[in-house]
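Residue indices begin at 1 and follow the sequence shown.
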Amino acid sequence: MTSPDAETATSSAQNGASPTDARRRPLVVMDQVTKVFSSGTVALSDMSLTVNGGEFVSLLGPSGCGKSTALRIIAGLGDASTGMIDWPSSRINSKGLPEGDISFVFQEPTLMPWQTVFGNVHLPLKLKGVSKAAARDEIMATLATVGLEDFAEAYPRELSGGMKMRVSIARALVTRPKLLLMDEPFAALDEITRQKLNDDVLRLWKETGITVVFVTHSVFESAYLSSRIVVMKSRPGRVHADFALHTSLERDAHYRTSEEYRQACETVSETLLEAMDGEDAH
Ligand SMILES: Nc1ncnc2c1ncn2[C@@H]1O[C@H](COP(=O)(O)OP(=O)(O)OP(=O)(O)O)[C@@H](O)[C@H]1O
């Protein structure tokens, strides 16, 4: 099933640039990707998806529909069995990935407990051969964008769950990637912290112009954050619907209580139910 709005999203991808945003050129293209694990599980079947520069795309779908597998294949953390990933506007390195263009945020913050916040955020720059001294300004500026400039010398054990996740986001952003891949980053956090981090990510997305692909189980989160939602179906994992989410309102606390947001949640929820139609209840 493809919604009428999905056709809008697809055709704007094919057209290259939209009239309102010159950045909207295809950044990454998944072309008929199938993934069969050695266990025989077909995690993805013939999945095609074009993500354009500047989009905030959520991958939403039932547990096991292949969201993480799709994200990992885009990131080069796993191979496609058939099909390909193309980066039309990037220079590709020897591993077939765009050099320095991708960052990944996992559900767990995965911080090094023996390193300070500063040391953790330094890691991706250190791997590029940049010393702490040379990286200092960039690291402090990035910590400021997530509100942690006063915690540079703290250790992970001294931070709350939300603060640890902010460090993880700062570590992902410090190399100024074009594409930020986030795999259920806030699923383990309480609702208030989750909402605050949603607002942080939206602000960073607007300020930096970064492209985000965000995996979530949450209808509410996807409807709040996304400029576009891709709803996936299980067994095997594939795209069920792909549609743009337009709103005339700023996405903020006021939006959360607006009729527009309620309607967006309803549309997303109904589409998800369609995608799950015929699945066993678990
Ligand atoms: N390394 C693996 N080996 C074998 N099967 C796997 C592996 N990783 C994932 N799978 C299977 O592939 C399918 C898709 O898994 P995936 O984790 O991508 O789904 P998901 O939509 O991200 O799920 P969730 O929302 O629960 O995290 C599932 O059936 C899963 O059991």
> Which atom names give the shortest non-hydrogen contact between A170 and T142, and what distance separates them?
Replying inline: O-CG2, 3.4 Å
>> Between the side chains of E138 and R176, is the shortest nitrogen-to-carboxylate-oxygen separation below 4.0 Å, so that they form an ion pair?
In response: yes
> Can any side-chain N or O of N52 pair as donor or acceptor with the backbone N or O of E55 at less than 3.5 Å?
Replying inline: no
>> Pair K196, D199 - check salt bridge (charged side-chain N to carboxylate O under 4.0 Å, His left out), show working.
In response: CA-CA 5 Å; K196 280 189 188 151; D199 287 333; over 6 Å; no
> Is L60 reachable from L273 through a run of I, L, V, M, F, W or Y residues, each pair having side-chain heavy atoms under 4.5 Å apart?
Replying inline: no
> Heavy-atom distance under 4.5 Å between the side chains of L111 and R171, does that happen here?
Replying inline: yes
> Is there side-chain contact between R25 and P88, with at least one heavy-atom pair below 4.5 Å?
Replying inline: no
> Looking just at side-chain N and O atoms, do T41 and S39 make a donor-acceptor pair shorter than 3.5 Å?
Replying inline: yes
> Taking a hydrophobic cluster as the set of Ile, Leu, Val, Met, Phe, Trp and Tyr residues connected by side-chain heavy atoms closer than 4.5 Å, whether directly or through intermediates, do I139 and L123 fall within one such cluster?
Replying inline: no
> What's the verdict on side-chain contact (heavy atoms from CB on, under 4.5 Å) for F243 and V268, showing C-alpha distance, side-chain angles and the deciding distance?
Replying inline: CA-CA 9 Å; F243 53 96; V268 176; 4.2 Å; yes
> What residues form a salt bridge (charged side-chain N to carboxylate O under 4.0 Å, His left out) with R256, not counting sequence neighbours?
Replying inline: none
> Is there a path from L77 to V213 through hydrophobic residues (I, L, V, M, F, W, Y) whose side chains come within less than 4.5 Å of each other?
Replying inline: yes
> Does the side chain of L44 reach to within under 4.5 Å of the side chain of M30, using non-hydrogen atoms?
Replying inline: yes
>> Rounded to the nearest 0.5 Å, what separates atom OG1 in T116 from atom NE2 in H122?
In response: 10.5 Å
> So if you build clusters from Ile, Leu, Val, Met, Phe, Trp, Tyr with side-chain heavy-atom gaps below 4.5 Å, do M112 and L159 land together?
Replying inline: no
>> Contact between D183 and Q107 at the side-chain level, heavy atoms closer than 4.5 Å - yes or no?
In response: no
>> Can you tell me how the ring of W205 sits relative to the ring of F56, calling it parallel under 30°, perpendicular over 60° and tilted otherwise?
In response: perpendicular
>> With a 4.5 Å cut-off on side-chain heavy atoms, are T208 and L180 touching?
In response: no
>> For the OG1 atom of T82 and the CD atom of Q32, what is their distance to the nearest 0.5 Å?
In response: 8.0 Å
> How close do R166 and V146 get, heavy atom to heavy atom, and via which atoms?
Replying inline: CD-O, 2.9 Å
> Which atoms form the tightest heavy-atom contact between L249 and E260, and what is the distance?
Replying inline: CG-OE2, 3.7 Å
> Quick one: do L202 and L189 end up in the same hydrophobic cluster if we chain Ile, Leu, Val, Met, Phe, Trp and Tyr together by side-chain heavy atoms under 4.5 Å apart?
Replying inline: yes
> If you look at every heavy atom in L27 and S90, which pair is closest and at what distance?
Replying inline: CD1-OG, 4.3 Å
>> To the nearest 0.5 Å, what is the distance between OG on S258 and CG on D252?
In response: 9.0 Å
> Does the pair N198 and F220 meet the rule for a side-chain contact (heavy atoms from CB on, under 4.5 Å), with working shown?
Replying inline: CA-CA 11 Å; N198 281 176; F220 304 110; over 6 Å; no
>> Using side-chain heavy atoms (C-beta onward) and a distance below 4.5 Å, is M47 in contact with K35?
In response: no
>> salt bridge (charged side-chain N to carboxylate O under 4.0 Å, His left out), that's the test. Do R238 and D46 meet it? Break it down for me.
In response: CA-CA 7 Å; R238 59 208 188 272; D46 220 11; over 6 Å; no
> Are the side chain of K67 and the backbone of P62 linked by a donor-acceptor contact shorter than 3.5 Å?
Replying inline: yes
> Side chain of S269, backbone of E266: donor and acceptor closer than 3.5 Å?
Replying inline: no
>> If you count heavy atoms of other groups shown closer than 6.0 angstrom to NZ of K206, is the number above 12?
In response: yes
>> Can you see whether S226 engages S58 through a side-chain donor-acceptor pair at a distance of less than 3.5 angstrom?
In response: yes
> Out of V28, V29, V33, which residue meets the side-chain contact (heavy atoms from CB on, under 4.5 Å) rule with I74?
Replying inline: V28
> Out of curiosity, R136 CZ to S131 OG, how far, rounded to the nearest 0.5 Å?
Replying inline: 10.0 Å
> OG1/T271 to CD1/I229 distance, rounded to the nearest 0.5 angstrom?
Replying inline: 8.0 Å
> Relative to the ring of Y224, is the ring of Y261 parallel (under 30°), tilted (30 to 60°) or perpendicular (over 60°)?
Replying inline: perpendicular
> Side chain of E158, backbone of Y155: donor and acceptor closer than 3.5 Å?
Replying inline: yes
>> Would you say CZ of F106 has more than 12 non-hydrogen atoms from neighbouring residues, nucleotides or ligands within 6.0 angstrom?
In response: yes
>> Ignoring hydrogens, what is the shortest heavy-atom contact between G61 and L272? Give both atom names and the distance.
In response: CA-CD1, 3.8 Å
> Between C265 and V219, what is the shortest heavy-atom contact and its length?
Replying inline: O-CG1, 3.5 Å
> Run the side-chain contact (heavy atoms from CB on, under 4.5 Å) check on L173 and I210 step by step: do they pass?
Replying inline: CA-CA 9 Å; L173 293 177; I210 197 169; 3.7 Å; yes
> Can you name the side-chain contact (heavy atoms from CB on, under 4.5 Å) partners of M84, sequence neighbours left out?
Replying inline: D31, D86
> Roughly how far, to the nearest 0.5 Å, is CE of M165 from CE of M182?
Replying inline: 7.0 Å
> Given the rule in the side-chain contact (heavy atoms from CB on, under 4.5 Å) test, do V121 and V167 qualify, once you have shown the distances and angles that lead to the verdict?
Replying inline: CA-CA 7 Å; V121 177; V167 178; 3.9 Å; yes
> Side chains of T145 and I169: closer than 4.5 Å at any heavy-atom pair?
Replying inline: no
> Quick one: are L179 and W87 in side-chain contact, heavy atoms under 4.5 Å?
Replying inline: yes
